[in-house]
> 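This is the structure I want to talk about, given as structure tokens.
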Amino acid sequence: MLIIPAFDEEQRLPDVLRRVASAAPGFEVVVVDDGSRDATAEAARAGGATLIRHPFNLGYGAALQTGYKYARRASADLVVQMDADGQHDPADVPALAAPIEADELDLVIGSRFLGVGDYRMDALRRTGRAVLQALIRAFGLRISDPTSGFQALGRRVLDLYVGDSFPSDYPDVDVLLAAHRHGLRIGERAVDMAKSERDSTLHGGLAPVYYAYKMLLSLWAASSRPRGGATRKGTR
Amino acid sequence: MTPEQRLADLRELFLAAPESTATRVLAVMLSLALVAIVLRLVRRRTLREEYTPIWLLVAVAIALVSTVEPLLDALTRAIGAWTPSSALFFFGQIFLVAICLNYAVRLSQLTLQVKNLTQELAVLRSVVEREEASPR
């Protein structure tokens, strides 16, 4: 199953769905329309995707989680999530999905920084990424691209991510840390990524300050919660 | 007389100063008004019954400390304040912070419940729409 959270993406979604259909034909594509004010829902339907509509905007994280809940209801063993703005290349979907299908990993992150493509960050983002990397490294987790939204998830990750501690706004290193602490196997695969406007979490007014504050608080909360049991039941 | 003794005497003067009748009457009227407002809000279904005890307790507390003089005096001395009005402000602020925090917790719970309900609704609607669209 391929989950695409979308908010006001009527312009870019049709092209993304076309590319997905040709690059990852075996996947059921689910678009979670997070209360869009434009014709995102119609674009999703026209593109042949399963449509889940929030009656109002809940946030990027909540839209992803709705997709996870749908996937769980449909007993999906594998979910790949990608953005609706065309930043992620659907051609990378099979490479992300392969380690889950082979039961080598529970969570695969598509990394911009493993030698594929030429994604460049500005100084602010580079600094933010370095700080986040250092923080999660302190907990024994080595990830080159902790803020990547291009990921493949196995059943056990879905079980964890449908819980109430999954954030409604920016699910980043805090949820990775929670997965790590639950004993889930996390790895990365190189992907090509285009620049996106959605990276605005690190731009504009007090948003970067709030983002940094929220991440630190979430990391602390995730690290101080009791570790969950790492049952392997139900994994393919 | 040392400066410390002079300060202690001055504090005793403040503490012994009688609260004006006007202040007491105003405080009692305020507490009665609070009770009346709370009851009116309940009658109009603007305020749920489970939220009323705290505000009725506040009204009783205001009436008590403004009519039973030794009570406020003892509270003032206990927290090291100089005047009964400072003690009232102190306890009032503690109460306001506590109730705001309590409401923030309730708001967080409600936000989570609304999010979960919305997601459930969205998923079920998608399933129903698909079933309705599929040929029987």
Side-chain angles (χ1 to χ4, degrees), chain A residues 1-7 28-36 40-42 44-76 79 81 158 161-171 214 217-218 221, chain B residues 37-38 40-58 79 89-136:
Chain A
M1 187 176 290
L2 205 145
I3 295 172
I4 305 177
F7 177 65
E28 178 190 356
V29 181
V30 178
V31 171
V32 183
D33 176 11
D34 191 19
S36 295
T40 296
E42 287 70 24
R45 278 205 192 97
T50 299
L51 174 68
I52 304 176
R53 279 183 98 168
H54 288 170
F56 45 82
N57 186 256
L58 287 177
Y60 176 72
L64 276 176
Q65 196 188 39
T66 300
Y68 304 151
K69 288 181 176 178
Y70 178 84
R72 244 175 129 238
R73 196 178 184 281
S75 304
V79 161
Q81 64 182 52
L158 291 180
Y161 281 8
V162 294
D164 284 346
S165 57
F166 193 83
S168 291
D169 46 11
Y170 322 118
K214 195 253 167 189
L217 186 64
S218 302
Chain B
I37 290 169
V38 167
R40 185 178 155 82
L41 289 174
V42 171
R43 198 159 61 89
R44 294 172 60 185
R45 295 195 179 89
T46 311
L47 181 66
R48 292 173 62 88
E49 288 85 344
E50 59 260 39
Y51 291 95
T52 55
I54 185 74
W55 297 110
L56 296 179
L57 278 175
V58 167
I79 64 165
F89 272 116
F90 177 74
F91 287 113
Q93 285 189 4
I94 287 179
F95 169 75
L96 287 178
V97 169
I99 198 121
C100 283
L101 199 56
N102 176 267
Y103 285 151
V105 170
R106 283 174 195 262
L107 200 58
S108 299
Q109 289 169 342
L110 283 173
T111 304
L112 187 64
Q113 287 168 348
V114 168
K115 185 210 72 170
N116 285 342
L117 275 175
T118 307
Q119 289 177 320
E120 192 77 9
L121 170 78
V123 168
L124 290 178
R125 188 167 67 178
S126 170
V127 171
V128 168
E129 280 175 357
R130 190 155 40 163
E131 278 177 9
E132 283 175 351
S134 64
R136 286 165 196 257

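Chain A is the first sequence line, chain B the second, and so forth, proteins listed ahead of strands; every chain is numbered from 1.
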> Among residues 95-106 of chain B, which residues come closer than 4.5 Å to chain A, judged by heavy atom distances?
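Near chain A, by residue number: none.
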> One thing to verify: whether E129(B) and R53(A) come together as a salt bridge, which I'm taking to mean a side-chain N less than 4.0 angstrom from a carboxylate O.
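Salt bridge between R53(A) and E129(B), a charged N being under 4.0 Å from a carboxylate O: no.
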> Closest heavy-atom contact between L51(A) and S126(B)?
O-OG, 3.0 Å
> Please report the C-alpha distance between D164(A) and N116(B) in whole Å, then the side-chain angles of each, then the deciding distance to 0.1 Å, and finally whether the side chain to side chain contact (heavy atoms under 4.5 Å, CB included) criterion is met.
CA-CA 8 Å; D164(A) 284 346; N116(B) 285 342; 3.1 Å; yes
> Report which part of Y68(A) has an atom under 4.5 Å of a heavy atom belonging to chain B: side chain, backbone, both, or neither.
neither
> Go through the atoms of R72(A) and report whether side chain, backbone, both or neither lie under 4.5 Å from a heavy atom of chain B.
neither
> Determine, step by step, whether L124(B) and R73(A) satisfy the side chain to side chain contact (heavy atoms under 4.5 Å, CB included) criterion, reporting the C-alpha distance in whole Å, the side-chain angles of both residues, the deciding distance to 0.1 Å, and the verdict.
CA-CA 10 Å; L124(B) 290 178; R73(A) 196 178 184 281; 3.8 Å; yes
> Could I get the full list of side chain to side chain contact (heavy atoms under 4.5 Å, CB included) partners for S218(A), not counting sequence neighbours?
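Once residues adjacent in sequence are excluded, the partners of S218(A) under the side chain to side chain contact (heavy atoms under 4.5 Å, CB included) criterion are D174(A), K214(A).
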> Between V162(A), L58(A), V30(A), which shows the greatest number of heavy-atom pairs under 4.5 Å with chain B?
L58(A)
> Among E120(B), Q119(B), K115(B), which residue satisfies the side chain to side chain donor-acceptor pair (under 3.5 Å) criterion with T66(A)?
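Of the listed options, the one satisfying the test is Q119(B).
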> Would you give the length of the straight line joining atom CG of N57(A) to atom OG1 of T118(B), rounded to the nearest 0.5 angstrom?
11.0 Å
